[in-house]
Each structure stands twice: as C-alpha cells, then as structure tokens.
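Note sheet for the following structure.
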There are 4 protein chains.
Amino acid sequence: MAREKGLKGMESRERLLAAAAEEFANRGFHETKVSTIVKRAGLTQPAFYLYFPSKEAVFDELVNAFRTRLHALIGSSRFEAQVEAQDVPKRVRMAVETFFRFLEATPHLTRIGLFLAPKAEEIKKELIALIAFNLSAEQQAGYFRSDLSMKTVAECLVGIVERLTLSQLLPGIKSPESLASQVVDLLLYGMLSMKHTSA
Amino acid sequence: MAREKGLKGMESRERLLAAAAEEFANRGFHETKVSTIVKRAGLTQPAFYLYFPSKEAVFDELVNAFRTRLHALIGSSRFEAQVEAQDVPKRVRMAVETFFRFLEATPHLTRIGLFLAPKAEEIKKELIALIAFNLSAEQQAGYFRSDLSMKTVAECLVGIVERLTLSQLLPGIKSPESLASQVVDLLLYGMLSMKHTSA
Amino acid sequence: MAREKGLKGMESRERLLAAAAEEFANRGFHETKVSTIVKRAGLTQPAFYLYFPSKEAVFDELVNAFRTRLHALIGSSRFEAQVEAQDVPKRVRMAVETFFRFLEATPHLTRIGLFLAPKAEEIKKELIALIAFNLSAEQQAGYFRSDLSMKTVAECLVGIVERLTLSQLLPGIKSPESLASQVVDLLLYGMLSMKHTSA
Amino acid sequence: MAREKGLKGMESRERLLAAAAEEFANRGFHETKVSTIVKRAGLTQPAFYLYFPSKEAVFDELVNAFRTRLHALIGSSRFEAQVEAQDVPKRVRMAVETFFRFLEATPHLTRIGLFLAPKAEEIKKELIALIAFNLSAEQQAGYFRSDLSMKTVAECLVGIVERLTLSQLLPGIKSPESLASQVVDLLLYGMLSMKHTSA
DNA sequence: AATGAATGAGGATTCATTCAT
DNA sequence: GATGAATGAATCCTCATTCAT
C-alpha cells in the first residue's frame, strides 16, 4: 500500500495525506472528492492511486494514525507509582489536560478518528476500557468511591471530552488546561454545594 | 409540497417518512438511496417526489421533527416550584431519566437529530442553553456549588448523555432509569470517596 | 378526440385549450408542462386526458386551429374584380394589413402556428403558394413587373411579415396599419431614390 | 471548464462540438440527448462533462460561435469608400450574397443561432442594427429613398433572408448568388411595372 | 365530470477509478 | 514519478400518463 520509494514520492504522499485529512475533517467522507484532494496536493487524480488504493484507504489510514497515536498516549500516561491522596486531583487533572492537548494538536485527525469514522465507536470503546482500567486502580487504592462503576465513569468522561472538544477545544474557545480543570473539578467533587452528602 | 388531502396519501407519506428515518439512522445520509426508501415503503420513486421535493428535504423534515419534540420536552420539564434541598437529587434524576426515555422512544430520530445532522451541533447548543438555564435557577437557590459554571455543567451533561445514548441506551444495554441514576449520582456527588472535600 | 358532451365539459376543454395556448406560446412545447396547463385551467391532470389524448394532441389542435383560420382568411381576401392600376397599391396594402390584423388578434396561435410548430414550415409553404397565386393574377394583369417570380416575392413578403410580427406586432410596438404601409411601400416601389431605374 | 491542453483532448472536444451542432440543428435542444451526442463523437457520457459543464453549455457555446462569426462578417463587409451610384446595386448584391454564403457555409450553426436559440431574437436585433447602420450611410449619400426608415428596411431584409435561408438555401434548392440577386432586385426596384411611380 | 394517488421510462450529471504514455 | 484522457456504474429527479374511485 505505502510505497517505500524515493524522496519525492514520499513527499507527494504526505501532501496527499495532509490534504485528505483537512478535507475529510471539514467536509466528511462523502463530501470530500478525490479531485479536491489532489488539487490541494498539487497533483492529478492518477497520482492519488499511485499512493493509495482507494479513497477509503486514505481515510482508513488517517483513522489508524489517530488510533495509534491515541494508544501511544494512553499507554504512556499510566499512573506509575503510588500517590498521596491529596495528589490525586492534580494527577487526574494532568491526565485529562494531556489528553485535551493531544486532541488539540491534531485537530483534523481528531475530527476524523473521534467523530467521522465508522470505527469511531470502536475506538472510543477501547479508549474507555483503558481509562476505566486506570481509574479502577485508583479506586482500589481507595481514592474513588467504591460504589461507582469506573467503566461508567470512564464513559462519562469520554462523553464530556467529546463534547467539549467539539464545542470548545477545536474552535479554540477554551484551552486544554482550563477545560481539564473544569471537567475534573466537576467529576471529582460533584455539583452539590457543601452541605449535602449521602448517596 | 406536503400534500394535505386524503387518507391514503397521508399514509404513504408516513410510510416514506418512517422508512427514510430508519435508513438514514442506519446508514447515514449519503448511503441512503431514495430507491431503498421507496422500496421499503412499498412505492416507486416518483411517489417519493409526490410527497417530498428532494432527498434532503425528507432528511431536514426528520431533523426538524426531532428538534421540535426536543423543545417540547425541555419546555415541559422545567422545574415548576420550590423544592426541598433533599428533593433535588431526585428531581434531577427524574429529569435526566425523562430525557433518556425520550431518546429511547424515537431512536431513529435521535440518531439523525443528535448525531447525523449537520445541524446537530446547533441543536445541541440550543439544548445546552436550555439546560443551563434550568440549572442556574437551582444554583441560585443554593442547591448547586456556586463556583461551577452551569453552562459548562450542562455541556458535560449533554456530552455524557450523548455517549451513553450511543453506547448503552440505543443498543438496549441499559435502561433510562439505570442510566439516569448513574449519571446523576456521579454528577451530583462526584467521584472522590467520602474523606475528600475542598474545591 | 373532442368530446361532444355537456356544457361544463366544453367549458373545461376551452379553458384547457386557452391555458395550453398561452403556455406553449410563452415557453415552447417542451418547457410547457401538462401540470402547469391544468393548474392554469383550474383542473387536475387526469382531467386533461379526459379531453385530449396527449400533450402533443393539444398542441396539434392549436396548430390546426391556426391553420384553419389562416386558410379562411386567405380564401376570403382574394382579389375579387378587376381593379384600376392606381388602386393596386391600396389593395395590396389592405390585404397585408388584414393579415397583420389577423396575426395580432390571435397572438398565441400565431406564435404557435407560425414559429413553434414543426409544421410551421409547411404552413408557410401553403401560405406562400396562396399568396403567389394571388400575386400572379395581378402580375398577369400587368401591374407587377413581369420579370419577377411571384413565388419568390411571396416568400419575401412572408419573411418580412414573420420578422415584423415577432419584433413589432406581437410586442405591440407598431400597429397593423403602420406595418402594412411600410412593407407595401418598400416592396412596391423599392429602395432606390427616384433618379435610378432599369434592372 | 474548457480544457486547453493536449491535442487529443482538443480533438475530442471538437468532435463533441460538431456532433452537438448537428444534433441540435436537426432535432432541437430538448430532443437532443447527451447520450446521442457522445455516441456520435465516439465517446462516453462522462467524457462529455470533461469538456462541457452541461448540455446547455455546449448549446450556448455554439450560439456564441455563430454570433461571433456573424459579427466578424458584418464588421468586415462595411462599405469602405464612396461608390458611384450605378455601382450601388452591385455592391448591395455582393453584400447579401456574402451573407448567404456565410449562412450556407455553417448550416448547423445557422440553424442554431438564427432559429433555435432563445437568444436568436437578440442576435437578429443586433444584426438588424448593424445593417441599418450601413444602409443609412448609403441613404445619406443619396442612393436610397430618403423617406424610408433604414431600420425597417434592415428588418425586412433580415426577414427575407431568414425565410429564404430556411426554404431555399439550407435545403440546397437555390444558391447564394441566385438568392442574393433576386432579393436585391426586388428590394431595390420594387414590384411595380415601369409605368407606375409616386409614393 | 373530475380527482387522489401512483407509475414507467428516461435523462442529466457525478465520481471513483483506470489505461496508455 | 506523474499525467492527459476516458469510463463504468450509479443516483437523483422529472414528466407524461393512467388507474380506481
């Protein structure tokens, strides 16, 4: 699929990939025409098929690129050691912030891999599982309420991230830091004012 | 364009609308062919254009149907009177549950209006604003932490609902009640175990 | 084809015919839709087929109506008796004027029968033959140059009438009288100023 | 839209244009199918859209081609210098003959631009204005009767040309020369036999 | 005398993809 | 490494026309 050949070829390929990413992100799969992609890349249609077997193939490649980077990120952000209880909020916030930063860094891929791809649900399922796994460790360490399903919490967290990414992060309205602290504040402490407790 | 007369005509129109809703929900706009819709409705292609000016028009009509019902729902579920502090959780849970129930009741429209439509973002924006407005009242009544932005909370709530709808509700894995209580529990009380407080 | 039946039926038929004439005249055969005709006539599509076997049939009927009236006109305007040489110009002018008046009186039919119909060429051929025949009588009486082909003259006359009808008569710019006198003046006396003669 | 590059492309384009011209001329706009045009050009339907944005566009291009050539012709055939009175008939005849020759040389374009195009009236209007302008010069030089409106004369001339083109020239019944001399003879000297004068 | 409802047949246009160079 | 030229395969939509009432 991916030719190994010369330098110029690699560059053309990259240009096509970049053009495709932008088009897909902005217009979706069907509204993106191969003719537009190649125009943007300064090439002709047959050149496209020199590097990719089909329109779907580029799309898939972009989705996979997102997925791979995502896994790399999650893998590297595992809670390494034991932490003090009072550090938990900070650590969680850092993790969420890192995640937002990642999404912000590759906005086209984010849009494609998180919202446009048919595989998006599957990708999120994986993501949720990984997050749930991480959270469970914390829960077992006693930091989180034991009556909460970390799977559900992870799902909620991802839902929140999705929404804020679309409405605040990608449009550049709020920063990863600000979003992370708001989200974490809400999720850790809840909405109720101090006087109320119980379950 | 939408004919008024006759019973049979109305029925055909409804059948087309239903078929279109299902197809759009399952395959998306572009993958849905007019030919498939009419086949499903037991009609021929020209009949489609007897009731709708274009494929896009049916889609829009379905989106608007969702939006209208959504507004009706939100409008009717406003917190009417003063409530006791201890009743707040229950009331919030009821509201969220009602919402999930609504989404569950019209799964095709939900998929179309909430996830497929280009207008989906706009629809959610409206929804978030309405929810934020409702929550603000509670906040001013002192039930919710005053340092939280109800706009953000609403956004998070909608993000959560979106996610759970897609992964749990529509596939029939969890019920509106169960989802609502989990969500509300998390959002109201937060994740931290009892010993931790602060803001 | 043409039903004989009741009064109301006749009226509907006439309304359809009139609506069709106007539409055809303004938009041509293909751009005229049966749906538009019936709308204009305050009826529905099946009603159209109650009175005419097809769209083409109405068109043909209108063309034939024009042709019939045309023949009637020409037939009645034959030079009856011998005339004085000095009356010839006046008589010719009257004939042309009468013809313009006829065209002006039924503008829709004129447009259809003279310009739109595939048969238009044929109709004009007949017309030209009739005119040529009439002119030949005058020629033999010595009023017109004997070296001119009355067939050609008739053809030229019809060409002139066509053009002026389209550009001056139907738009209401000039009257039948004014057009007739200009045309006849030109054709009878020619363009050259008095000093020049011969052939 | 009109590709510039490559010889083969140009040839295909020309073939399409020629096929379209013939089809349009023989069947009119609506009866001409893109499928027929491409078949005639030895191509497939998509190839058509490689060179023209729509069926209408080819038609327009043909109409414009006619109009352009027409203007070129008229522009070049202006009476250059002063002429002797006795040469006027000859010059006029030459001009009309040239014009007939032009129409005969491009019969398809003639049919399209002069009879089929919605713009045909407009084109003729321009043509008439140009001819009238030319004739007025002659009139002011005293060659033509001063009581005639050259605008009207031009209009009559064009009407005659139209008619004879359709009935004699394009069917190949008469030659440009013969048509021109008949027309000019009639227009210059009129129909009346020698004894009659006056106005 | 007329209509609500429906359809057969076709026609323009689009787009991903390929061939030959 | 890249392109000019071309196509197969659909898809949406339109319109004259008819059926059953």
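Just the heavy atoms: all of them, side chains too, but no hydrogens, waters or symmetry mates, feed the values below. This is a predicted model, so every value here is computed, not measured.
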Distance, rounded to the nearest Å, where [X] contributes [atom1] and [N] contributes [atom2]:
| X | N | atom1 | atom2 | value |
| --- | --- | --- | --- | --- |
| K39(B) | dT11(F) | NZ | C1' | 12 Å |
| I37(C) | dC15(F) | CD1 | P | 13 Å |
| F52(B) | dA5(E) | CZ | P | 13 Å |
| K8(A) | dT3(F) | NZ | P | 8 Å |
| M10(D) | dG4(F) | CE | C1' | 14 Å |
| F48(C) | dG4(E) | CZ | C1' | 19 Å |
| L16(C) | dA2(E) | CG | C1' | 12 Å |
| L7(B) | dA20(F) | CG | C1' | 16 Å |

Counting only side-chain heavy atoms from C-beta out, which of [options] sits nearest to [X]?
| X | options | value |
| --- | --- | --- |
| Y51(A) | dA6(F), dG4(E), dG1(F) | dG1(F) |
| P46(D) | dG8(F), dC19(E), dC19(F) | dG8(F) |
| V34(A) | dA6(F), dA16(E), dT3(E) | dA16(E) |
| A47(D) | dT7(F), dA6(E), dA2(E) | dT7(F) |

Per nearest nucleotide of DNA chain E, the residue lying toward the 5' end, S35(A) or K33(D), is K33(D)
Comparing H30(A) with H30(D), nearest DNA chain E nucleotide closer to 5' gives the residue H30(D)
### Query
Any side-chain heavy atom of Y51(D) within less than 4.5 Å of one from V58(D)?
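Of all side-chain heavy-atom pairs linking V58(D) with Y51(D), none is under 4.5 Å.
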- Item | 5' precedence on DNA chain F between Q45(A) and S54(B) (nearest-nucleotide basis) |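 The answer here is Q45(A).
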Ranking L43(A) and K55(C) by the position along DNA chain F of their nearest nucleotide, the one closer to 5' is L43(A)
OP1, OP2 of [N] versus side-chain N and O of [X]: anything below 4.0 Å?
| X | N | result |
| --- | --- | --- |
| S12(C) | dA2(E) | yes |
| Y49(D) | dT13(E) | yes |
| T44(B) | dG8(E) | no |

In terms of side-chain geometry, is the basic nitrogen of E22(A) or R111(A) positioned less than 4.0 Å from the acidic oxygen of its partner? no
**R13(B) with E61(B): basic N within carboxylate O range, under 4.0 Å** = yes
Across every strand shown, the nucleotide meeting Watson-Crick or G-U wobble geometry with dT21(F) (both distances under 3.5 Å) is dA2(E)
* To do: Please check if any side-chain donor atom of H108(D) sits under 3.5 Å from a side-chain acceptor atom of E23(D), or the reverse.
  =>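 Result is no, nothing qualifies.
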- Query: Which pair of heavy atoms, one from R40(B) and one from A19(B), lies closest together, and at what distance?
  - Reply: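 Shortest heavy-atom separation between R40(B) and A19(B) comes out as CB-CB, 3.7 Å.
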Under the criterion side chain to side chain contact (heavy atoms under 4.5 Å, CB included), I'd like the reasoning laid out for L170(A) against T165(A): C-alpha separation, chi angles, the key distance, then a yes or no.
CA-CA 6 Å; L170(A) 294 186; T165(A) 296; 3.8 Å; yes
Practice problem: Under 4.0 Å between any heavy atoms, over every strand shown, what does T36(B) touch: base, sugar-phosphate, or nothing? Just pick one. | Solution: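 Since no nucleic acid heavy atom lies under 4.0 Å of T36(B), the category is nothing.
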